[in-house]
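All remarks here apply to the structure that follows.
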Amino acid sequence: MAILASKKNIERLTFILLIIYPFTLNAFFGYFSAVFSFWLSFYSWDILSPMKFVGLSNYYALFQELWRGLNLLFSDPNLLQFRAPFFNGLKNILVYTAIVVPTQTFLALMLALMGNQKIRGSQFFKVAYFLPATTCSVIISLIFMWLFEKDGFINFFIIPFTGGYRINWLNDPTYLLTAISLVAIWGTSGNFSVTFLSGLQTLPKEVYEAAKIDGASSLNRLIHITIPLLKPIIAYVVIMGLIGALQMFDLSYVMAGSSGGVGGAGYTITLDIYNTAFLQLRYGYAAAKSVILFLLIFSLSYYVQNKLRYYRHE
Amino acid sequence: MSVELKNITKAFGSTEVLKDVNIRIEKGEFFVLLGPSGSGKSTLLRIIAGLEEPDRGEILINGQRVNELDPSKRNIAMVFQNYALYPHMNVFNNISFPLKMRGVKKEEIISKVREVANLLNITHLLDKYPYQLSGGEQQRVALARALVRDPEVFLLDEPLSNLDAKLRVKLRFELRKLLHDQLGITTIYVTHDQIEAMTMADRIAVINKGALMQIGTPTELYEKPKNTFIATFIGTPSMNLIMARVEDNAIKVFGRRIIVRDKTRLPEGDIILGIRPQDIKVGEPSIARLKLAGEEKLGSGYILHLNFENSELLLYLERETAAVKGEFIPVLFDGPLYLFDSSTEELVTKIDNYEV
Amino acid sequence: MNRKLFNILKISGIYLVLIFFALVYLMPFIRSLFGSFMTWEQASYFPPQWIPNPMTFTNYLKLVEISLFPTWIINTAIYSGIIVLVNILTASMSGYAFASLNFPKKDLIFNTLLALLMIPPFVTLIPNFIIYVKLGIIDNLFGLAILSTANISSIFLMRQYYFSLGKELFEAARIDGANPLKAFFYIALPLGRPALGAISIYNFLAAWNAFLGPLVFLRSPENYTLPVGLSFAFSRSIWSDYGPIIAGSLIASAPTILLFVVLNKYLIRGIVIRASKG
């Protein structure tokens with residue numbers, strides 16, 4: 001009881017009591033697992049047989065695969081998925097990210113700027129735009145697969161522009177990744193536009209009033225005041241979008257299947273990690289791939305963050 | 001209950017906020033901790049409450065060391081500057097909370113809350129929530145919550161500073177009447193307002209930059225300030241400080257000699273001469289003729305700003321003078337003179353009897 | 001006059017674009033709603049038709065008759081329920097502890113937890129799967145739920161919320177005789193209600209929509225949650241045609257849609273907090 005009577009100890013014991021569960025859980029399934037993953041990447045293991053230390057050979061195999069993929073890209077791209085799936089996934093996800101992140105950021109910003117005007121029904125627009133973000137990505141994919149059918153709803157609106165040609169979105173390697181990207185943009189841009197909108201509403205009104213008095217046109221106010229003041233939020237949206245896009249899994253898994261669909265056109269890094277681990281049971285190799293994914297995400301978002309910060313100080 | 005602080009020292013990072021503070025507060029005393037903001041007075045109060053821990057030193061309540069006791073076990077009550085009323089509880093539940101935490105029986109809680117609500121005239125507010133109350137009402141609820149369990153020591157952290165001026169003056173008087181005259185609780189009251197301190201306290205401890213400057217009754221602090229900080233901090237307008245010299249046991253100021261009639265020997269050399277604005281008069285035989293720089297009307301009196309050399313002399317008058325700005329007016333000293341050491345700024349001596 | 005005309009044109013233009021995009025975002029839901037009552041022949045007819053003719057409930061009936069769909073609803077509800085309830089506790093408890101209790105190096109401990117947000121789920125997925133296999137709790141809904149019961153963003157949000165309340169309230173409670181644990185139950189928990197509401201919604205959406213975790217950790221169809229179940233049913237062509245998939249998707253997304261339409265103000269406020277931290 002003497003321990004309990006002391007003020008210091010009461011507080012410390014309570015602190016430990018209150019955080020012990022979340023702390024242990026996250027330390028174990030977060031930090032321990034992250035370290036375990038790194039450690040595992042130096043082993044060859046299928047869970048059932050004993051672990052075998054293989055040194056850097058997982059990474060060696062990985063870079064061989066990347067090199068092979070790079071060569072095939074120019075000589076025989078049809079073999080990519082078959083002979084260098086990790087490279088194919090990497091290539092696809094980079095293309096996908098390059099399409100999705102700028103488009104959704106621009107679209108979100110544009111919608112937010114318009115929604116920020118003094119108009120009636122802005123709450124309705126917010127709800128409408130945000131709704132896809134609250135809906136499960138698997139469900140979204142399933143609905144869109146129906147809409148993307150050759151004789152489907154979307155083609156009906158497209159044929160006036162293609163001269164009657166109906167695109168076979170999901171079964172044509174040229175269009176599969178585009179279809180997935182469109183679904184992703186549809187699913188997240190509304191979410192980010194609400195982020196922008198709440199950012200816009202925190203901007204100081206005085207600055208705009210001052211600019212109006214100084215005679216700045218609305219276009220000038222947008223370019224010289226709104227955009228620069230929004231830079232931190234733009235950076236946030238770009239980085240969040242980047243992190244999400246590089247790890248895209250659900251849409252490809254449902255819309256293209258775990259093998260990446262026709263010609264592996266919808267294959268991603270995360271699908272490759274999933275397959276390597278849970279279908280081929282090569283856990284060590286999969287862990288090495290996840291380490292590379294982590295480095296990719298970390299360095300890209302770090303790079304973007306620095307670049308955007310640089311602009312802000314300009 | 002008495003409260004005793006021994007060698008209390010506390011630092012936040014590398015900044016020392018309390019340096020070796022020793023205070024003894026007697027049972028039933030209304031004790032004020034006075035100091036400018038950032039002086040460490042609030043930290044001292046929070047150390048007594050147990051919300052902060054001293055780096056060194058002891059806190060004794062009624063002779064018992066309480067350093068290790070949790071705030072909940074110290075039997076102290078505290079009123080916070082922003083009252084800290086629980087926003088999700090109505091007034092009744094706010095006041096009864098300390099009793100509930102101590103496992104007091106329901107009937108007793110009800111009668112105690114009624115009693116203290118009666119005492120503070122807030123019976124009609126018991127069903128309301130804090131956000132429905134005015135500042136003054138919130139203040140009384142906070143007091144009631146602190147009083148309801150008959151604490152041994154009562155701590156108040158600038159409890160009046162969020163109220164408007166009129167209410168502040170009224171509550172100043174009522175607080176002392178209630179806590180000291182009626183209930184006789186040992187009270188420690190933190191404020192930066194010297195008028196509040198002077199009007200309410202039995203004794204005041206003046207704290208500056210983490211160090212205890214002086215402890216004493218309001219009269220002692222006013223009449224025998226230990227150093228120039230206290231001399232200028234207490235009393236409005238502030239005491240005038242004038243650079244002067246002592247030669248042959250006489251003070252040389254404004255080119256005149258003030259001869260001390262007391263038997264004390266004065267230290268020779270540079271000194272700081274202090275005199276309160278109330279103790280300077282206009283008239284002859286003057287010690288100097290000084291230029292009138294301006295006048296402030298206080299309603300009850302007038303403050304004259306007089307220039308000499310590069311500094312200013314303040315003078316408090318009850319009646320307006322006929323003098324106009326720029327005019328040279330004759331002044332004479334009519335009250336005690338304070339001599340401070342020119343380097344340590346400590347009081348050397350106070351002179352009541354002198355001749356110009 | 002000119003200026004007025006310009007303004008009217010500008011506002012109409014903005015409305016046109018906003019309504020166009022609202023249609024783009026809402027159309028898949030609307031189209032599914034109509035389509036779910038159609039026969040598959042009609043639903044896949046080109047050009048698209050709008051009015052179900054004949055109106056049929058076969059798609060919905062098939063969900064109940066030929067599949068584990070009802071079981072998946074119950075599983076998802078249990079899984080989300082556990083995650084929401086436990087996260088309310090863990091987030092409020094540790095948020096309060098990190099915000100207002102003294103502990104050596106507590107900010108370091110907190111930042112260590114926060115740094116975990118930078119690690120992609122795919123990095124920890126494989127080790128966690130292996131741990132679960134070794135512990136023998138693979139293919140177990142409750143076991144899977146445990147992984148999501150101490151959400152770090154929620155803890156962060158609660159910590160910020162308690163900071164914003166100011167420390168005086170908790171100090172007052174301590175002086176009033178409440179020990180740190182009582183101060184939590186009497187002051188912090190009831191005061192945390194608005195923030196806990198937002199946290200509940202977020203965790204509910206995340207759990208209800210979760211795919212990767214359930215896909216990897218659940219093995220037998222009777223343990224599936226809705227997203228895994230629907231994706232499984234689709235890839236195995238359980239219902240032979242696509243109609244029930246659409247109907248099932250609508251039912252599966254109904255709770256999140258309803259929740260969002262009713263509580264959208266809460267959610268959108270939550271984004272402001274998140275955006276301003278980043």
Side-chain angles (χ1 to χ4, degrees), chain A residues 10-12 14-15 18-19 21-22 25-26 29-30 33-34 36-37 40 47 111 114-115 117 119 125-132 134-139 142-144 146-147 149 151 153 156 186 190 194-195 198-199 233 236 247 249-250 254 270 273 277-278 283 286-287 290 293-294 297, chain C residues 11 14-15 17-18 21-22 25-26 28 31-32 44 46-48 90 93-94 96-97 101-103 113 116 119-120 122-124 126-128 130 133 147 149-150 152 155 179-181 205 208-209 211-212 216 227 230-231 234 242 245-246 249 252-253 256-257 260-261 264 268 271-272 275 278:
Chain A
I10 290 183
E11 270 203 52
R12 289 184 181 182
T14 312
F15 182 87
L18 292 178
I19 72 151
Y21 177 73
L25 199 75
N26 281 304
F29 291 112
S33 285
F36 187 16
S37 193
L40 195 61
I47 303 196
L111 290 176
M114 284 191 291
Q117 307 285 329
I119 52 164
F125 291 117
K126 268 190 209 173
V127 172
Y129 296 171
F130 199 76
L131 202 55
T134 65
T135 308
C136 173
S137 51
V138 172
I139 288 166
L142 287 172
I143 291 175
F144 266 96
W146 168 47
L147 302 180
E149 282 192 345
D151 299 327
F153 191 67
F156 175 71
W186 178 85
V194 176
T195 310
S198 35
I233 296 176
Y236 171 81
Q247 293 185 78
F249 177 82
D250 305 7
V254 178
T270 50
I273 295 173
F278 304 112
Y283 292 101
S290 73
L293 175 67
F294 169 69
I297 292 173
Chain C
I11 292 289
I14 286 173
Y15 263 116
V17 178
L18 288 177
F21 276 98
Y25 286 115
L26 292 178
R31 176 71 186 150
S32 303
S44 54
F46 196 91
T90 50
M93 291 199 304
S94 38
Y96 161 76
L101 295 183
N102 286 317
F103 196 80
L113 279 184
L116 268 179
I119 296 181
F122 267 89
V123 172
T124 49
I126 295 164
N128 288 347
I130 293 172
V133 169
L147 278 180
T149 48
I152 294 172
I155 295 173
N179 62 33
L181 204 58
L205 287 179
W208 189 270
N209 296 338
F211 182 59
L212 182 63
V216 171
L230 281 172
S231 135
F234 162 70
Y242 211 90
I245 298 266
I246 298 162
S249 296
S253 54
T256 57
I257 292 176
F260 177 62
V261 171
N264 62 74
I268 289 170
I271 298 170
V272 185

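Each chain gets a letter, A, B and so on, in the order the sequences are listed, and its residues count up from 1.
Between chain C and the options A:Phe15, A:Phe36, A:Phe294, A:Phe144, the largest number of non-hydrogen pairs under 4.5 Å is found for A:Phe15. Here C:Pro127 is the residue among C:Pro227, C:Pro127, C:Pro180, C:Ser253 with the most heavy-atom pairs under 4.5 Å with chain A. Contacts with chain C were tallied for A:Ile297, A:Leu293, A:Val138, A:Leu147; A:Val138 has the most, counting heavy-atom pairs under 4.5 Å. For the set A:Tyr283, A:Trp146, A:Phe153, the count of heavy-atom pairs under 4.5 angstrom toward chain C peaks at A:Trp146.
Of all heavy-atom pairs spanning C:Tyr242 and A:Leu142, the tightest one is OH-O, 2.5 Å. Scanning both residues, C:Val123 and A:Ser290, for their nearest heavy atoms gives CG2-O, 3.6 Å. Shortest non-hydrogen contact noted between C:Leu147 and A:Leu25 is O-CD2, 4.4 Å. Shown here for A:Phe156 and C:Pro47, the closest heavy-atom pair between the two residues is CE1-CB, 3.5 Å. Taking every heavy atom of both residues into account, C:Leu116 and A:Asn26 meet most closely at CD1-O, 3.5 Å.
Put simply, CZ on A:Phe125 and CD1 on C:Ile14 are 10.5 Å apart, with the number rounded to the nearest 0.5 Å. With rounding to the nearest 0.5 Å, the separation of OG1 in A:Thr14 from CZ in C:Phe103 is 10.5 Å. The distance from atom CG of C:Leu101 to atom CZ of A:Arg12, rounded to the nearest 0.5 Å, is 11.5 Å. Rounded to the nearest 0.5 angstrom, A:Glu11 CD and C:Leu181 CG are separated by 12.0 Å.
Heavy atoms of C:Phe234 lying under 4.5 Å from chain A belong exclusively to its side chain. With a threshold of 4.5 angstrom between heavy atoms, C:Ile257 approaches chain A through its backbone and through its side chain. With a 4.5 Å cut-off on non-hydrogen atoms, C:Leu18 touches chain A through its backbone and its side chain both.
Taking the six-membered ring for Trp, C:Phe21 and A:Tyr129 have ring centres at least 6.0 Å apart.
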(request) Given ring pair (Phe, Tyr, Trp, His ring centres under 6.0 Å), test A:Phe249 with C:Phe122 step by step and report yes or no. (result) CA-CA 10 Å; A:Phe249 177 82; C:Phe122 267 89; 5.5 Å; yes

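By the 4.5 Å heavy-atom criterion applied to side chains, C:Ile126 and A:Ile273 are counted as neighbours.
Side chain to side chain, A:Tyr21 and C:Thr149 meet the donor-acceptor criterion of an N or O pair below 3.5 Å.
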